[in-house]
Amino acid sequence: MKDYKLTLAIFTVAIVWGTTFLSIRVAVETIPAWFVAGIRQFLASIIMLCILLYRGQFQWIGWKNLGYQLIFSSLMLIIANGLTTVAEETLTSSLTSLISATSPIVVFLGSVALGLQKFTFRALVGLLMCFGGILFIFWDGIKDLANPDYRFGILLLFFAIAGWASGTIFTKKMNIQSSNISLNLFYQFAFAGIVQIIFAFLFSENYNFGNWTLKSISAMIYLSVFGSVAAFFAYHYALTKVSPVQVSILAYFNTIISIFLSWLILDEEISLKFVLAAVLIIFGVFVINYNPQMFKKQRIE
């Protein structure tokens, strides 16, 4: 690729988002999950505010637009991101990333139910592949279901997926256009950060700050600076150069990178059934969302 900035942006999104689940797992080792999620979003909002002030773009967005941003923030940051972070207190990062990879299935089914998308035979094949992968996941870890913490983590993760899917579908349904996405994101980050920090003080049994290790704090800062801000800017830069469909291919690499790093760095066990589950789910999601435009050279002006 001759556009080195685009190449850098694509690698940033693929690698950074691929390390997100690993970073969350490291952060929650000593820091309560709601603190990880809340501080991550709040720090991201401060960084975004500094950028907006530097550019002279900070302004009030109006009550109507604010209402939309609070809905997005509640569904995709507080519920989806927050509950995923809490789930990783009891689930491995590789399992969390793999189950989270099924979120496009929920988006697709919800879009079909609301008439935003048509159901096709190809989609049916993709769904069957994904459900086959989910069966492999629970077949491989059926004994773990006896652990109430594990069951609770799985339940939270499914609520998180539902939150992300609902936010995505809401965006499609409302078809809201914005001239300054960074400004909207600031309000989303700020609201989510404040709410999640309040949750942290309400629901965390032990938040002794003296127990927080440098490794966990570093992981939390990494999530804020790179997972939230840097990856976001890289993603939107990529969208100015190629189509959204092409950028969406990165989602398939994120899961692979996450699983590999969890095995390499955290020594998480990856069984043959888990690998088969990953293959089925990734290919199933790909089949459902396949579009010939994915592989056509295209530039957005």
Side-chain angles (χ1 to χ4, degrees), residues 16-17 20-21 23-28 30-55 57-89 100 156-157 159-168 170-171 174 176 178 180-212 216-233 235-236:
V16 171
W17 281 352
T20 297
F21 294 99
S23 301
I24 291 174
R25 182 62 180 170
V26 173
V28 299
T30 61
I31 304 175
W34 282 118
F35 275 109
V36 172
I39 295 174
R40 169 188 177 179
Q41 308 301 354
F42 191 72
L43 284 178
S45 72
I46 293 176
I47 295 171
M48 198 66 68
L49 177 62
C50 291
I51 294 172
L52 289 167
L53 289 174
Y54 176 77
R55 293 178 174 178
Q57 296 177 343
F58 181 72
Q59 62 185 25
W60 172 241
I61 58 175
W63 289 108
K64 183 177 181 179
N65 191 19
L66 178 65
Y68 289 139
Q69 303 316 313
L70 297 189
I71 293 174
F72 297 150
S73 181
S74 298
L75 293 173
M76 307 188 82
L77 294 179
I78 297 175
I79 296 177
N81 180 265
L83 293 184
T84 297
T85 305
V86 176
E88 282 208 53
E89 287 186 323
S100 296
L156 289 179
L157 195 52
F159 276 117
I161 292 171
W164 182 268
S166 299
T168 303
F170 181 77
T171 304
M174 299 302 296
I176 300 168
S178 174
N180 193 334
I181 300 174
S182 299
L183 186 61
N184 290 340
L185 196 70
F186 159 73
Y187 284 97
Q188 292 179 31
F189 281 153
F191 177 71
I194 292 171
V195 171
Q196 288 172 328
I197 290 174
I198 292 173
F199 283 175
F201 282 107
L202 290 176
F203 302 124
S204 300
E205 295 181 0
N206 181 16
Y207 49 85
N208 185 353
F209 302 121
N211 293 333
W212 295 12
S216 291
I217 293 173
S218 299
M220 183 172 60
I221 294 174
Y222 173 85
L223 285 167
S224 178
V225 176
F226 293 96
S228 292
V229 177
F232 164 79
F233 277 111
Y235 178 77
H236 282 279

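Checking Ile79, Leu75, Ile161 one by one against Ser166, the side-chain contact (heavy atoms from CB on, under 4.5 Å) holds for a single residue, Leu75.
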Subject >> side-chain contact (heavy atoms from CB on, under 4.5 Å) between Phe21 and Ser100, worked out >> reply: CA-CA 10 Å; Phe21 294 99; Ser100 296; 3.7 Å; yes
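Here the CG atom belonging to Asn65 is positioned 4.5 Å from the CG atom belonging to Asn184, to the nearest 0.5 angstrom. With values rounded to the nearest 0.5 angstrom, Gln57 atom CD is found 11.0 Å from Met48 atom CE. Atom CG of Asn81 sits about 8.0 Å away from atom CG of Leu223, to the nearest 0.5 Å. To the nearest 0.5 Å, atoms OG (Ser224) and CD1 (Ile47) are separated by 4.5 Å. Interatomic distance, Leu49 CG to Leu185 CG, rounded to the nearest 0.5 Å: 12.0 Å.
Scanning all heavy atoms of the two residues, the minimum distance from Ile31 to Met220 falls at CD1-CE, 3.9 Å. Of all heavy-atom pairs between Ser228 and Arg40, the closest is OG-NE, 3.1 Å. Between Gly82 and Trp34, the shortest heavy-atom distance links the atoms CA-CZ3, 3.7 Å. The two residues Ser204 and Pro32 make their nearest non-hydrogen contact at OG-CB, 3.4 Å. When every heavy atom of Asn211 is checked against every heavy atom of Thr30, the shortest pair comes out as O-CB, 3.5 Å.
Take Tyr222 and apply the side chain to side chain contact (heavy atoms under 4.5 Å, CB included) test, not counting sequence neighbours, and it matches Val16, Thr19, Ser23, Phe226. By the side chain to side chain contact (heavy atoms under 4.5 Å, CB included) test, Ala33 is found to be paired with Val28, Thr85, Val86, Glu89, residues two or more places apart in sequence or in another chain being considered.
More than 12 heavy atoms of other residues, nucleotides or ligands shown are found within 6.0 angstrom of CH2 on Trp60. Enclosure of atom CZ in Phe159 is not indicated, since only 12 or fewer non-hydrogen atoms of other residues, nucleotides or ligands lie within 6.0 angstrom. More than 12 heavy atoms of other residues, nucleotides or ligands lie within 6.0 Å of CZ in Phe209, so this atom counts as buried by the packing criterion.
Here the side chains of Leu83 and Leu157 are not in contact, with every heavy-atom distance at 4.5 Å or above.
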Donor-acceptor pairs under 3.5 angstrom involving side-chain atoms of residues 186-203: please list them, not counting sequence neighbours.
unit_1	atom_1	unit_2	atom_2	d
Tyr187	OH	Gln59	O	2.9
Gln188	NE2	Gln69	OE1	2.6
Gln196	NE2	Leu77	O	3.0

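In terms of modelled atom types and a separation under 3.5 Å, the side chain of Ser45 and the main chain of Phe42 share a donor-acceptor contact.
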